[in-house]
Amino acid sequence: MTNLNNHPESVSVRVPATAANLGPGFDSIGMAVDLWSELTVTRGPFEVTIEGDGADVLPTDEGNLVVAGARAAYNARGAEFPNLKFHCVNEIPFARGLGSSSAAIVSGIVAGFALQGDGTDPHEALLLAAEIEGHPDNVAPAIFGGCQIGVNAGDDWITSTIPVPEDLHAVILIPDFVGETSEARGVLDSEVSRADAVFNIGRSALLANALATGQMDLLRYATEDRLHQPQRAAIYKGMNTIIRAALTGGAHGAFLSGAGPSIMAFATEREYTVAYEMTEAARLHGIDASTRVVKPTTRGAHVFDPASTAATGTGD
Ligand code: HSE
């Protein structure tokens with residue numbers, strides 16, 4: 001039972017998938033989408049059990065990021081970390097550029113605070129999660145929901161929400177291989193030219209304004225990038241072809257989701273045509289992939305009652 005007035009025996013948390021970067025917003029902009037993983041933490045001898053995506057490869061020891069997240073929440077209160085059982089139900093595809101690591105960290109933090117009888121202060125959770133993750137573009141939308149700008153200000157992290165049009169859909173092509181974020185960051189240049197900086201600065205601002213004002217025709221340009229996608233094209237063969245196929249199929253814009261390998265397209269109609277065109281382009285490059293059509297979600301990580309979710313089929 002979850003009782004936030006006491007120290008509950010068990011807490012369940014849902015956390016959304018997130019797409020980082022969104023084209024030009026490298027390490028700075030991310031969006032939560034309506035695709036959720038769940039974590040239940042119960043008092044008892046230490047254990048990590050996992051169902052769903054990544055269950056066969058994720059660590060079941062202290063190295064699992066749900067444990068790191070929960071531990072951070074206890075450390076933040078100066079409290080001793082108790083014995084806990086962690087059960088993960090992962091619907092967010094593992095290591096595909098959809099924020100599975102951030103979801104694990106954030107779910108652990110939210111559960112850790114709830115087990116101490118606290119609600120989660122989203123800003124405090126952001127500081128803890130960004131410290132573990134190193135950048136805010138997945139953890140901020142995972143915590144706050146919606147489309148979030150995240151910037152570092154010394155010891156602090158600042159976030160601001162970009163409103164997103166109601167009718168926007170995200171079409172996600174999810175290759176059947178995992179991406180290594182460390183490899184995908186390793187191919188990036190450590191310095192950028194002024195021309196590339198200007199290219200991305202303008203497009204990041206354009207992206208925020210296009211989403212906030214519903215100017216879909218701007219998204220084609222507003223999702224372009226020169227800071228990470230050109231370099232990552234070398235490890236994700238077919239990436240540029242798949243992005244072009246999404247645009248040909250009717251998407252407003254398309255980009256590498258996070259550090260990849262998933263590719264996300266924004267569409268307000270013809271979503272399944274876009275998904276088909278992306279899948280065909282991937283197939284021509286020998287890439288097997290699945291697709292999901294989802295909406296952005298304004299909801300971030302939250303404690304839920306599994307009993308009522310089972311009854312209603314929704315975590316809301
Ligand atoms: N902004 C990050 C990157 C997201 O592109 O490397 C993945 O952690």
Side-chain angles (χ1 to χ4, degrees), residues 15-33 35 37 53-54 58 65-66 68-69 90 92-109 126 128-144 146-152 157-160 162 170 172-175 177-192 196-197 199-201 203-204 207-208 222-236 239-240 242-243 253-264 300-301:
V15 60
T18 50
N21 303 325
L22 295 191
F26 179 71
D27 273 4
S28 305
I29 304 180
M31 180 185 281
V33 297
L35 174 61
S37 285
D53 224 85
L58 280 161
L65 289 170
V66 295
N90 294 343
I92 301 172
F94 166 68
R96 301 299 208 290
L98 291 166
S100 59
S101 301
S102 295
I105 295 166
V106 168
S107 61
I109 290 172
L126 176 65
L128 296 176
E131 186 175 329
I132 298 171
E133 178 85 337
H135 42 85
D137 45 340
N138 287 113
V139 293
I143 293 165
F144 291 86
C147 186
Q148 297 292 330
I149 304 166
V151 301
N152 182 257
W157 289 91
I158 312 295
T159 53
S160 183
I162 302 172
I172 316 171
L173 179 107
I174 307 164
F177 59 87
V178 299
E180 293 291 342
T181 297
S182 53
E183 183 195 7
R185 289 183 85 80
V187 299
L188 302 180
D189 302 329
S190 53
E191 296 190 352
V192 299
D196 287 352
F199 186 97
N200 271 58
I201 290 166
R203 278 162 178 77
S204 294
L207 175 66
T223 52
E224 291 177 323
D225 165 75
R226 282 195 192 160
L227 294 190
H228 74 110
Q229 291 189 178
Q231 295 93 325
R232 287 171 169 171
I235 50 174
Y236 298 131
M239 182 191 83
N240 289 326
I242 297 165
I243 288 174
F255 47 86
L256 189 68
S257 181
S262 294
I263 293 171
M264 183 174 284

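Nothing fancy with the numbering, it's 1 onward along the sequence. Please read all numbers here as calculations on a predicted model, not as lab measurements. Order of appearance sets the numbers: ligands from 1, and atoms from 1 within every ligand.
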Side chain to side chain donor-acceptor pair (under 3.5 Å) partners for Asp225, two or more places apart: Asn200

Closest non-hydrogen atoms of Ala142 and Pro16, given as atom of the first, atom of the second and distance, are O-CD, 3.5 Å

Go through the structure and list residues passing ring pair (Phe, Tyr, Trp, His ring centres under 6.0 Å) with Phe144, not counting sequence neighbours. none

Residues forming a ring pair (Phe, Tyr, Trp, His ring centres under 6.0 Å) with Phe199, sequence neighbours excluded: none

Using atom types as modelled and distance alone, determine if a side-chain donor or acceptor of Arg96 lies under 3.5 Å from a backbone N or O of Gly260. no

What residues sit with at least one heavy atom under 4.0 Å from ligand 1? Ala20, Asn21, Phe26, Asp27, His135, Asp137, Asn138, Thr181, Arg185, Arg232, Gly258, Ala259

How far does CD1 of Ile29 sit from OG1 of Thr159, to the nearest 0.5 angstrom? 12.5 Å

